[in-house]
Enquirer: 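This is the structure I want to talk about, given as structure tokens.
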Amino acid sequence: MYIREKITEQVKKIISDALNQAVESGALAIETMPDLFLEIPREKEHGEYSTNIAMQLPKQTKKAPRFIAETLVANMKTADSYIESIEIAGPGFINFKLKPYWQYAVLAEVAAMKADYGRSQKNAGKKFNLEFISANPTGPMHMGNARGGAIGDILAAVADWTGYDVTREFYINDAGNQIVKFGDSLDARYRQLMGEDIPFPEDGYQGEDITEHMRVFIDANGDVHRLMTPEERKPILIDYALNKNLTKMRSDLEAYGIRYDVWFSEQSLYDSGAIEKTIELLGKGGFTYEQEGALWFKATAFGSDKDDVLIRANGLPTYFMADIAYHMDKFVNRGFNRCINVWGADHHGHVARLKGALSAVGIDAANFDVVIMQLVRLLRNGEVARMSKRQGKAIALTDLIDEVGVDATRFFFNLRSPDSHFDFDLGLAIEQSNDNPVFYVQYAHARICSIIRQMAEELDQAIPLDYSRLVEKEELNLMEMLSNFPDEILTAEDKLDPSRITRYAIDLAAAFHSFYNACHVRVSDKALMKARVALIEATKQVIQNALGILGVSAPERM
RNA sequence: GCGCCUGUAGCUCAGUAGGAUAGAGCAACGGCCUUCUAAGCCGUGUGCCAGAGGUUCGAAUCCUCUCAGGCGCACCA
């Protein structure tokens, strides 16, 4: 258990013991114990911890908040604890001031745990599935996928650090209508390249990549497919181009620092019979009915405002149907305890009905959550530009990474919480990449590395390491920041908000830069120097760990 | 019409399990390199927290309504 958590538990116990004591002695009459919530006050004068419990009890106890607070404080036993003093303030806050230098413990913790500092066992033994991006495999990925990629990959890392056994998963939409369209587009380009004068389908994929696929295909295969009927040829073209696209996606994503554990094919749900099984299960539960030749799901029974089609009148299952089977596979066949998907805001309408359907097949929908990420709006010179994959006007993910860099791209797209809407001006991003906050954090790391390199020879091994030499407020503040890291990860997981880690990294870097300017490491007092080297080494380690979660490099020189 | 997200400093955003005086970065201005990386630090100013009601000892945070922007509301995915 980390120092911060240890102290929090201790303070909570002291409060609840005091409360019990007060009740037993008859000083306070309480029927239901209130939830104990400790907060870390914004103002340092209010101590390290504060509780508002006395202000939650007047109704039950029929006593004034100040009186309750005084009674509680009188019952608190703080001997052998981290608490230095307790104070009642304002309308009835109880503020706890910790004994000086409790922060030193964190330096030993970081030194001991190193690259694992910040990890916890909270979710040990549980399987976590994170599905993200899952872009249509009908063309190259665009800039919009960059945000989902950063959010998903980093949230997966966060979950991993809380003890989960994490699987990163890409759902390949290789079935359904868009594949039909894909085939039509490929076939049209094929025939055009073969010299036929035929029109391109109106709603086809107009991107240059489709034509390029067919050009390469023809180079390799000549005209052996020319005399086939389109119906014979399309599956061959689709298979060819889909494989090409998936290979490209895989390598593009690896270049973006994302490696998936599972690439899950939608088509496999049809092939394995998973879809039929799910239909049967839903039917048995009485959640389906037929109408106008289609099979419907009673989504209204789960709070939706209308029912949804599972099987179309033409006999083909909908995407929704496949998605139910897909998530059943995750929970039931593969035994995941928790499944999270990252979806763009344009799919949010799908969440409620999928949760409903999962409940219908007996899955606890509370273990399934969707992080809805607001869409990135692309600006060009301050004007809104539409992104459309079908028209091939999107900015490719690879171009973005080439121009802005992997580190800056991942950092930038994980800087704001997923539900913030944000505008992305490509010109501005490239221009700004020089004072992108990612460099601020990396710079702190490089600075530390530089100092450590130079201190290596000057350190006196004979002098014992004595943390108590660290008393400056910048030093104490830095240690406090380090002690908050484990909790920051837990909160990020709990709130499904990986952007907290990015902002933590910035705050930590800021605490270091302040320290750097206030305190020199190279000082004539060798014992002080040694203690400060220990402090910056711990800082370096935590920056590394944080950047590691973000998938951003921690350069030793800049 | 219905639903989801958002509205906080000039700009981009934190803060939203209710808490004490609402915070950062950018931009502006003024300082700091004859010992460790100035991609840095220190300082100065700015807010009807979109608006109106309500709940509460206490509301940026919870509830209701209104306004504004984004996104949905298919036998597309």
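Naming convention: chains lettered A, B, ... in sequence-line order (proteins, then strands); numbering from 1 in each chain.
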Enquirer: Find the distance A:Phe411:CZ to B:rG25:C1' and express it as a whole number of Å.
Expert: 12 Å

Enquirer: Would one find a side-chain N or O of A:Tyr319 under 4.0 angstrom from OP1 or OP2 of B:rA77?
Expert: no

Enquirer: May A:His46 be described as stacking on the base of B:rA20, applying a 5.5 Å centroid limit and a 30° limit on plane angle?
Expert: yes

Enquirer: What's the verdict on ring-ring contact (aromatic ring centres under 6.0 Å, His included) for A:His327 and A:Phe368, showing C-alpha distance, side-chain angles and the deciding distance?
Expert: CA-CA 9 Å; A:His327 286 86; A:Phe368 171 68; 4.9 Å; yes

Enquirer: Considering just the side-chain nitrogens and oxygens of A:Lys306, establish if one lies under 4.0 Å of OP1 or OP2 belonging to B:rG3.
Expert: no

Enquirer: Would you kindly give the NZ-to-C1' distance between A:Lys495 and B:rA17, to the nearest whole Å?
Expert: 7 Å

Enquirer: Rounded to the Å, how far apart are A:Lys355 NZ and B:rG3 P?
Expert: 19 Å

Enquirer: Does B:rG25 have its OP1 or OP2 closer than 4.0 Å to a side-chain nitrogen or oxygen of A:Arg503?
Expert: no

Enquirer: Per the side-chain hydrogen bond (donor to acceptor under 3.5 Å, both in side chains) rule, which among A:Asp307, A:Asp308, A:Thr300, A:Asp323 passes with A:Arg353?
Expert: A:Asp308

Enquirer: Between B:rA38 atom C1' and A:His520 atom NE2, what is the distance in whole Å?
Expert: 13 Å

Enquirer: Whole-Å distance between B:rC5 P and A:Asp369 CG?
Expert: 13 Å

Enquirer: Identify the nucleotide, in any strand shown, that forms a Watson-Crick or G-U wobble pair with B:rU46, with both distances under 3.5 Å; if there is none, say none.
Expert: none

Enquirer: Heavy atoms under 4.0 Å is the rule here; annotate nucleotides 54-63 of chain B 5' to 3' with B where the base is hit, S where only the sugar-phosphate is, and - elsewhere.
Expert: ---B------

Enquirer: Only counting residues at least two apart or in another chain, list the ones meeting ring pair (Phe, Tyr, Trp, His ring centres under 6.0 Å) with A:Phe132.
Expert: A:Tyr260

Enquirer: Answer syn or anti for B:rC33, where the cut-off is 90° from 0 on the glycosidic torsion.
Expert: syn

Enquirer: If you look at every strand shown and take non-hydrogen atoms under 4.0 Å, does A:Ala345 touch a base, only sugar-phosphate, or nothing?
Expert: sugar-phosphate

Enquirer: Given that both distances must come in under 3.5 Å, which nucleotide forms a Watson-Crick or G-U wobble pair with B:rG25?
Expert: B:rC11

Enquirer: From the options B:rA20, B:rC5, B:rA14, select the nucleotide whose nearest atom is closest to the side chain of A:Asp419.
Expert: B:rC5

Enquirer: In whole angstroms, how far is the C1' atom of B:rC73 from the CZ atom of A:Arg353?
Expert: 10 Å

Enquirer: Does one side chain, of A:Gln178 or A:Asn173, offer a donor that lies under 3.5 Å from an acceptor on the other?
Expert: no

Enquirer: Reading RNA chain B from 5' onward, which residue's closest nucleotide shows up sooner: A:Asn173 or A:Gly349?
Expert: A:Gly349

Enquirer: Return no unless some side-chain N or O of A:Ser514 is found under 4.0 Å from OP1 or OP2 of B:rC42.
Expert: yes

Enquirer: Base, sugar-phosphate, or nothing for A:Ser450, non-hydrogen atoms under 4.0 angstrom?
Expert: base

Enquirer: Base, sugar-phosphate, or nothing for A:Tyr516, non-hydrogen atoms under 4.0 angstrom?
Expert: base

Enquirer: If only side-chain N and O atoms count, and only distance matters, is there a donor-acceptor pair under 3.5 Å linking A:Asn123 with A:Thr162?
Expert: yes

Enquirer: Check whether the side chain of A:Ser50 and the base of B:rA20 form a donor-acceptor pair under 3.5 Å.
Expert: yes

Enquirer: Who does B:rC73 pair with, Watson-Crick or G-U, both distances under 3.5 Å?
Expert: B:rG1

Enquirer: So if I apply the side-chain hydrogen bond (donor to acceptor under 3.5 Å, both in side chains) rule between A:Asn341 and each of A:His350, A:Lys330, A:His347, which one comes out positive?
Expert: A:Lys330

Enquirer: Any N or O donor-acceptor pair under 3.5 Å from the base of B:rA20 to the side chain of A:Asn95?
Expert: yes

Enquirer: Looking at B:rA24, I'd like to know if its phosphate oxygens (OP1 or OP2) sit under 4.0 Å from a side-chain N or O belonging to A:Tyr504.
Expert: no

Enquirer: Could you tell me the Watson-Crick or G-U partner of B:rC62, where both distances fall under 3.5 Å? Say none if there is no partner.
Expert: B:rG54

Enquirer: Starting at atom CZ of A:Phe439, determine the distance to atom P of B:rC26, rounded to an integer number of angstrom.
Expert: 15 Å

Enquirer: Taking pairing as Watson-Crick or G-U wobble with both contacts under 3.5 Å, can you name the mate of B:rC32, or confirm there isn't one?
Expert: B:rG40

Enquirer: Whole-Å distance between B:rU6 P and A:His348 NE2?
Expert: 12 Å

Enquirer: Taking donor-acceptor contacts at under 3.5 Å, does the side chain of A:Asp346 reach the base of B:rG72?
Expert: no

Enquirer: Taking the minimum atom-to-atom distance to the side chain of A:Gln374, which one of B:rG70, B:rC41, B:rA77 wins?
Expert: B:rG70

